[in-house]
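Below, chain A is the first sequence line, B the second, and so on; all start at residue 1.
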2 protein chains.
Amino acid sequence: MARAGLTADRLTQAAAELADEVGFENVTVSALARHFGVKDASLYSHIRNAHDLRVRLAVLALAELADRVADALAGRSGKDALVAFANAYRRYAHEHPGRYTATQMALDPDTAATSAAGKHAEMTRAILRGYDLWEPDQTDAVRLLHSTFHGYVSLERAGAFHSHPRGVEASWTRALDGLDSLLRSWPA
Amino acid sequence: MARAGLTADRLTQAAAELADEVGFENVTVSALARHFGVKDASLYSHIRNAHDLRVRLAVLALAELADRVADALAGRSGKDALVAFANAYRRYAHEHPGRYTATQMALDPDTAATSAAGKHAEMTRAILRGYDLWEPDQTDAVRLLHSTFHGYVSLERAGAFHSHPRGVEASWTRALDGLDSLLRSWPA
DNA sequence: TAGGCTTGCCTAGAGGTCCTAGGCAAATTA
DNA sequence: TAATTTGCCTAGGACCTCTAGGCAAGCCTA
C-alpha cells in the first residue's frame, strides 16, 4: 500500500478547510482521518490529541488573520488604516468562519506568545499612530477596538442582529465612524 | 426504588450549575445523568437530545442575564445607566462563565423570538433614552454597545489581554467613558 | 383497598469519537 | 542489499449519544 503522506502541517491545513465547511466544533480526528482515507489511529503519530490539533488550527488561523490585516494596513494611516484593518478583520471572519472561531480558542500563555496572537495587538497599535494617543490610553484603545471588532462579527454570526431590519453593513460603517471620532477626541 | 423526580426544568437548572463548574462544552447528557444518579437513557423522556438540553440552558441563561441587567438599570439613566448595564453584563459573565457561553449559542429564529434574546436589545435601547439618539442611529448604537460589551468579556476570558500589564479593570472603565462620550456626540 | 393506567427509570444494544499498544511493511540510510 | 526508521495498520478499551422495549412506582377510579 502507498502511504498517504501525512504531516502535521498537511493535517492542520486540511483541518482548517474542514473547519470552514462544517464548523470548528466538528473538526474531529475521525473526520480528518476519513478525509485522508486513513484510520484515526494513524493521525496520532503526527498530532498529540484532538486538542493539539485544534491548537495548531488556531495558530494557523491567527497567522493568516495577522497577514491579511498587515496587508490591508500597508501604506495607510489614520481613519483609512482603522477602516482597512476592521474590514480585513471582518472579511476574514466571514470568509473563514471555522478558522475565525479557532482564533478565539483560549491558548496557554506559551503557545500564545509563540503564535501571532501578539502580532495582532502590535498592529492595532500601529493604527493608533495616526491618532494622538500615548500609554496607557493606547492599550485601552487597542482593547476597545479589538473588543468591538470581535464582538461585532461574533454577534453578527450568532444571528443577534437579525431581529431588526436595519442593515448590518450600515451599522458597521457607523460603528467605525464612531470609533474614529472617539479616538480623535479620547476623553482625559 | 424511589424515583429521582426529574423534570426538564430541574435538568436545565442542574445543567446550568454544571456548565459554570466544568464549562459549557462539557455539559453532557451522561454527566447530567451521573449527577442525578440515574442512567443516561432516563433523561431522554425529559429532553429530546443533547442539543435540546443546551438550547434550554441558553434560554435559561438569557433570561437570567436579562433579569440582572434589568435590575441594574432600574431608576438610572444616562451614563449611570450605561455603566450599570455594562457592569451587570460583565459581572454575570464572570460569575457564570458556563451560562454566559451558553448565551452565545446560535438559536433558531423561533426559539430566539420566544426567549429573552429580544428583551436584551430592548433594554439596551432603554439606556439610549438618556442620550439624544433616534432611528436608525439608535439601532447602530445598540449594536455597537452590545458588540463592545460582548467582545470585551469574551476576549478577557479567552486571555487576550494577559499579554499586557495594564489593568483589565482600568481599560474597562476607560472603554465605558469612551462609549459615553461617543454617544453624547454621535457623529452625523 | 384493589384494580387499571400512566409514566419514570431501567436494561440492552448500536454507532460514533478519542486514544493506546503493538505489528508489519514502506521508505530511508548505511 | 541489509539495517534502521517511520508510517499506517489492527485490536481494543473508555466515554458519549440515542433508540427500543420492559417493569414497577405512583396516580386515578371504584
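For B:Arg48, the side chain to side chain contact (heavy atoms under 4.5 Å, CB included) criterion is met by B:Asp52, not counting sequence neighbours. With sequence neighbours excluded, no residue forms a side chain to side chain donor-acceptor pair (under 3.5 Å) with B:Thr173.
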Taking only N/O atoms, report every protein-nucleotides 19-21 of chain D pair under 3.5 Å with atom names and distance.
none

For residues 71-89 of chain A, dump all side-chain donor-acceptor pairs below 3.5 Å to protein atoms at least two apart in sequence or in another chain.
unit_1, atom_1, unit_2, atom_2, d
A:Arg76, NE, A:Ala72, O, 3.0
A:Lys79, NZ, A:Asp177, OD1, 2.7
A:Asn87, OD1, A:Trp172, NE1, 2.8
A:Asn87, ND2, A:Val83, O, 3.3
A:Tyr89, OH, A:Tyr100, OH, 2.8

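For A:His46 and D:dT6, the shortest distance from a side-chain N or O to OP1 or OP2 is not below 4.0 Å. A close approach under 4.0 Å does occur between a side-chain nitrogen or oxygen of A:Ser42 and OP1 or OP2 of D:dC9.
A:Ser154 and B:His150 are linked by a side-chain donor-acceptor pair at a separation below 3.5 angstrom, with hydrogens and angles left out of the test. In this model, no donor atom of one side chain and acceptor atom of the other lie less than 3.5 Å apart for A:His46 and A:Arg56.
Results of the side-chain hydrogen bond (donor to acceptor under 3.5 Å, both in side chains) test with A:His96 over A:Arg68, A:Arg91, A:Glu64 single out A:Arg68 as the only residue that passes.
Note: CG (B:Asp40) to P (D:dC15) measures 12 Å, nearest angstrom. Atom C1' of nucleotide C:dC19 and atom CG of A:Asp52 are separated by 13 Å, given to the nearest angstrom. Distance, B:Lys39 NZ to D:dC16 P: 12 Å, rounded to whole Å. Rounded to whole Å, the distance from CG on A:Leu43 to P on C:dC18 is 10 Å.
Residues of residues 6-30 of chain A having a heavy atom closer than 4.0 Å to DNA chain C, listed by number: A:Thr28, A:Val29, A:Ser30.
Inter-residue side-chain proximity for A:Glu25 and B:Glu25 is flagged as unmet; no heavy-atom pair is nearer than 4.5 Å.
Projected onto DNA chain C by closest heavy-atom contact, B:Ser45 and A:Arg54 fall at different nucleotides, the more 5' of which corresponds to B:Ser45.
Residue pairs meeting the salt bridge (charged side-chain N to carboxylate O under 4.0 Å, His left out) criterion with at least one partner in residues 5-18 of chain B, sequence neighbours excluded, are absent.
Around atom CG of A:Asp132, no more than 12 heavy atoms belonging to other residues, nucleotides or ligands sit under 6.0 Å away.
Here the side chain of A:Arg34 is nearest to one of C:dC10, C:dT17, D:dT10, namely C:dT17.
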